[in-house]
Amino acid sequence: MSNIAKISLTLVLAASTIPVGAASDRREKVPDPRTDFQAYTAYMLREHFPNVPLINQDKTKVHFYDDLIKGKIVVIQFMFSNCEQLCPMVTPNLVKVQKELQKQAPGEVSFVSITVDPEHDTPEALKAYSQKFRIQPGWQFLTGRRADIDRIRRELGVLDPEDQQFEHMNVLTIGNEPAGDWFGMRALEKPSVIAYTVLRSASRTKPAVVKPTSASHPRFVAGR
């Protein structure tokens, strides 16, 4: 099963199996699936995301759900700073995506890169890594407890127990959290394709972005 298929399956199961009223500490009224299935699906996915603590490159403690994805349009990458294979290609590709999105939807899309090697990727190491690629504001690099990071990867469908580091490297998880719109795509897709897809999810596509004809990824849209 491909990583993209895993993402789709994981999120579909989350939306369909979490009991109504779960995670009641968030005190959100459960939408009626008979009248607004998209809102209902978004709610069920929201209850599914772990709110584990992480630390960013500036040594600021954040929580995965509350601080990184709640109410946001987000591009999530898993990486590690010593990677010599895909990371040196993926991160520069995402730099181009970020620049394109800043032109068309400034400040509306957040980038989240989470290390899969937390034992070595300290905040200092992630800071140096981000500076190496001249990362712009709106992009956080994060570390934390391995168990918490593995939980995030498992819930997003990008944890392969048999390939702890490299299996994730060519997959992005992209989400419009308020809409419950989550999908996966290749991280080395053309920057224009990634940017267009993110903007389409955000309903922000502008005429200047011509719909690419070479996109080769399947799309998962929750609640539609």
Side-chain angles (χ1 to χ4, degrees), residues 1-19 22-23 37-38 40-52 54 63-70 72-80 83 85-87 90-91 93-94 97 109-118 140-189 193-194 197-198 200-202 215-224:
M1 182 182 294
S2 69
N3 278 332
I4 293 174
K6 290 177 186 177
I7 292 170
S8 301
L9 179 59
T10 298
L11 295 179
V12 168
L13 289 175
S16 62
T17 61
I18 296 175
F37 187 73
Q38 181 169 347
Y40 173 77
T41 303
Y43 171 85
M44 289 303 178
L45 290 173
R46 192 170 299 130
E47 297 301 308
H48 181 66
F49 291 120
N51 199 32
V52 296
L54 299 169
H63 288 85
F64 180 70
Y65 177 77
D66 284 346
D67 301 314
L68 298 176
I69 66 174
K70 181 180 180 181
K72 301 179 186 296
I73 299 163
V74 62
V75 177
I76 302 174
Q77 170 206 21
F78 291 94
M79 46 68 67
F80 59 104
C83 174
Q85 296 186 24
L86 285 174
C87 285
V90 170
T91 302
N93 199 50
L94 293 182
V97 175
V109 180
S110 299
F111 285 70
V112 173
S113 293
I114 303 175
T115 181
V116 298
D117 186 17
Q140 296 193 63
F141 286 78
L142 300 121
T143 189
R145 294 176 61 246
R146 174 168 291 280
D148 291 335
I149 292 172
D150 285 350
R151 182 183 172 191
I152 293 171
R153 295 175 64 196
R154 183 166 56 251
E155 300 290 4
L156 293 180
V158 291
L159 176 63
D160 185 343
E162 297 181 0
D163 192 345
Q164 289 289 315
Q165 290 188 323
F166 292 102
E167 179 69 14
H168 67 281
M169 302 302 288
N170 194 30
V171 176
L172 299 176
T173 303
I174 299 172
N176 181 338
E177 192 277 334
D181 185 7
W182 290 88
F183 54 94
M185 68 182 300
R186 293 195 306 118
L188 289 175
E189 184 62 88
V193 173
I194 298 174
T197 308
V198 174
R200 185 175 63 177
S201 174
S216 58
H217 61 280
R219 178 172 170 75
F220 164 65
V221 180
R224 292 183 185 174

Taking all atoms of both residues into account, what is the closest heavy-atom pair of [X] and [Y], and its distance?
X: Gln140; Y: Leu142; result: O-CD1, 3.8 Å
X: Ala202; Y: Ile73; result: CB-CD1, 3.2 Å
X: Asp67; Y: Lys72; result: O-CE, 3.3 Å
X: Arg146; Y: Val116; result: NH2-O, 3.1 Å
X: Ala187; Y: Asn93; result: O-ND2, 2.8 Å
X: Pro118; Y: Gly144; result: CB-O, 3.1 Å

**Spatial distance of atom CD (Gln77) from atom CG (Asn170) [nearest 0.5 Å]** =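 With rounding to 0.5 Å, CD (Gln77) is 10.5 Å from CG (Asn170).
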Could you state the interatomic distance from CZ (Phe80) to CD1 (Ile114), rounded to the nearest 0.5 Å?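 Going from CZ on Phe80 over to CD1 on Ile114, the span is 15.0 Å.
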**Prompt:** Listed by chain and number, what are the ring pair (Phe, Tyr, Trp, His ring centres under 6.0 Å) partners of Phe141, not counting sequence neighbours?
**Reply:**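 For Phe141, the residues satisfying ring pair (Phe, Tyr, Trp, His ring centres under 6.0 Å) (neighbours in sequence not counted) are Tyr129, Trp139.
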Listed partners of Thr115 passing side chain to side chain donor-acceptor pair (under 3.5 Å), at least two apart: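 Residues passing side chain to side chain donor-acceptor pair (under 3.5 Å) with Thr115: Asp121.
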- Task: Quick one: list whatever passes side chain to side chain donor-acceptor pair (under 3.5 Å) with Glu177, sequence neighbours left out.
- Result: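 Glu177: side chain to side chain donor-acceptor pair (under 3.5 Å) contacts with Arg46, Tyr65.
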Fill in: For Arg145, salt bridge (Lys or Arg N to Asp or Glu O under 4.0 Å) partners two or more places apart
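Salt bridge (Lys or Arg N to Asp or Glu O under 4.0 Å) check on Arg145 returns Asp148.
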Q: Could you go through the side-chain contact (heavy atoms from CB on, under 4.5 Å) check for Glu189 and Leu172 one step at a time?
A: CA-CA 10 Å; Glu189 184 62 88; Leu172 299 176; over 6 Å; no
Between the main-chain N or O of Asn176 and the side-chain N or O of Asp181, is there a donor-acceptor pair closer than 3.5 Å?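 Between the backbone of Asn176 and the side chain of Asp181 there is no qualifying donor-acceptor contact (under 3.5 Å).
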Margin query: Test side-chain contact (heavy atoms from CB on, under 4.5 Å) on Ile76 and Phe64; report intermediate values, then the result.
Written below: CA-CA 11 Å; Ile76 302 174; Phe64 180 70; 4.1 Å; yes
Q.
The test is side-chain contact (heavy atoms from CB on, under 4.5 Å); show your working for Val90 and Met79 and say whether it passes.
A. CA-CA 9 Å; Val90 170; Met79 46 68 67; over 6 Å; no
Testing Asn51, Ile152, Leu54 one by one against Leu68 for a side-chain contact (heavy atoms from CB on, under 4.5 Å), which residue passes?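 Filter result, single survivor: Leu54.
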Steps toward side-chain contact (heavy atoms from CB on, under 4.5 Å) verdict (Thr173, Val158):
CA-CA 9 Å; Thr173 303; Val158 291; 4.3 Å; yes
